[in-house]
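Chain letters run A, B, ... following the sequence lines, proteins first, then strands; residues in each count from 1.
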2 protein chains.
Amino acid sequence: MQFATNGYERTTIRAVAADARIDAAMVMRYFTNKETLFKACIRQDPLLPDLSGVPTDELGLTIARTIVLRWSDPAAVGLLWATTTNQETANDIHTNYRDQIAQLAARIGPPEQALERAALVGSQIAGLAFARVVLKLQPLADMQLAALAARIAPVLQHYLTGDLGLTGDLGSMIRR
Amino acid sequence: MQFATNGYERTTIRAVAADARIDAAMVMRYFTNKETLFKACIRQDPLLPDLSGVPTDELGLTIARTIVLRWSDPAAVGLLWATTTNQETANDIHTNYRDQIAQLAARIGPPEQALERAALVGSQIAGLAFARVVLKLQPLADMQLAALAARIAPVLQHYLTGDLGLTGDLGSMIRR
DNA sequence: AGCATAAGCCAACAGGCGTTGACTTGTCGC
DNA sequence: GCGACAAGTCAACGCCTGTTGGCTTATGCT
């Protein structure tokens, strides 16, 4: 997929057409313009599987495993990344992901904290995908999936169920 | 800064020149081409201040405060973001940042873990900057600096000094 | 077979891009 | 004043882009 590897700007309709062994005019006939073509490429599937059976204290690890597995595919991350060039589509996609996590967070804790917890979870996931797949930053890029999941699992768990330190001081987590 | 707000591809030399109330040919005379101009724009200053006087168990919060403050400036984050389009410059910049943190990590823990710990810290920082400034994802985008720093401080602290769960299981952090 | 519709191809358009080179204007030291 | 050199302007180049319209070929229905 051209959009995934090159981003929106550097992807040309001619290149997409050539990939599909088709004329560029055909692409235009079916998608009318570049933006529509792009939006058609990034239709999103659900981020998380059904987690209702998972014990609360294993959510972090379960999510970590799912996410690390899915977002080790450069095509998936690249596509997600390409949304950055279009503020509108970026907002759609990422608030959707955030809300999926927020729904989960609302079930296991105070609903008024759900959005914030979800956004924090999302920030760690996005940062990891970015560093690992886009930047190929070592040693993250070469780590095994299981090890990687184990590293971020406690953090996701903390964001979901831990003490956020609402008073602004260090919070209980550090002092322990 | 055009590169910061529009990224590399969408920034035109003509626009940069117009910003500076100068002819485009002048830009070429001084920077020879677009890539050189870009590299000149992203010269990096040190990520962290001197942290030698900070107690080990307050490193997370101190770093969090510094980073959140610095990377709330959309221009700074945008510029960092623009590096993504050029794999080479992206690698230069981000490994540099990682190594600064790794140096710190090596002073307070096993040196063989320093790179990994630093990369994890970096992933959380990058993810937060991305979600907050590029994506403007709520509620992160509107949170106060102090609150934001307090949220990620425990995580940075954990990545720097905590148990990484090297065996691949949940690690001590969750079970506590 | 005949025909409507889809699939596919080709050439071209208008516009924007990075980049170039020739040219004019200002600013110094002497 | 005068020559050297930097600063600045202008028009144009070749190229690539998204997009268009007209043309030819295949496909399937009656």
- Query: Roughly how many Å is it from CE in A:M28 to P in C:dC13, rounded to a whole number?
  - Reply: 18 Å
- Kindly point out which of C:dT19, D:dT20, D:dA7 is positioned nearest to the side chain of B:M26? D:dA7
- Query: If you measure only the distance, is there a donor-acceptor pair under 3.5 Å linking the side chains of A:T89 and A:D92?
  - Reply: no
- Message: Return whichever of B:D23 or A:E9 has its heavy-atom-nearest nucleotide of DNA chain D closer to the 5' end.
- Response: B:D23
- Query: Ion pair present between B:K39 and B:E88, side-chain N to carboxylate O less than 4.0 angstrom?
  - Reply: yes
- Query: Yes or no on side chain to side chain contact (heavy atoms under 4.5 Å, CB included) for B:L120 and B:L164, after CA distance, side-chain angles and deciding distance?
  - Reply: CA-CA 10 Å; B:L120 288 168; B:L164 288 183; 4.1 Å; yes
- Query: Just how far, in rounded Å, is P of D:dA12 from CZ of B:R14?
  - Reply: 13 Å
- A:A24 or A:R29, whichever maps to the more 5' nucleotide of DNA chain D: A:A24
- Message: Can you tell me if B:Q144 has over 12 outside heavy atoms packed within less than 6.0 Å of its CD?
- Response: no
- Residues from residues 30-41 of chain B lying under 4.0 Å of DNA chain D - heavy atoms: B:Y30
- Item | Rounded distance in Å - CD1 (B:I22) to P (D:dA6) | 16 Å
- Query: With no hydrogens and no angle check, do the side chains of B:D99 and B:Q103 hold a donor and an acceptor under 3.5 Å apart?
  - Reply: no
- Using modelled atom types only, decide if a donor and an acceptor are shared between the side chain of B:T11 and the backbone of B:Q2 within a distance under 3.5 Å. yes
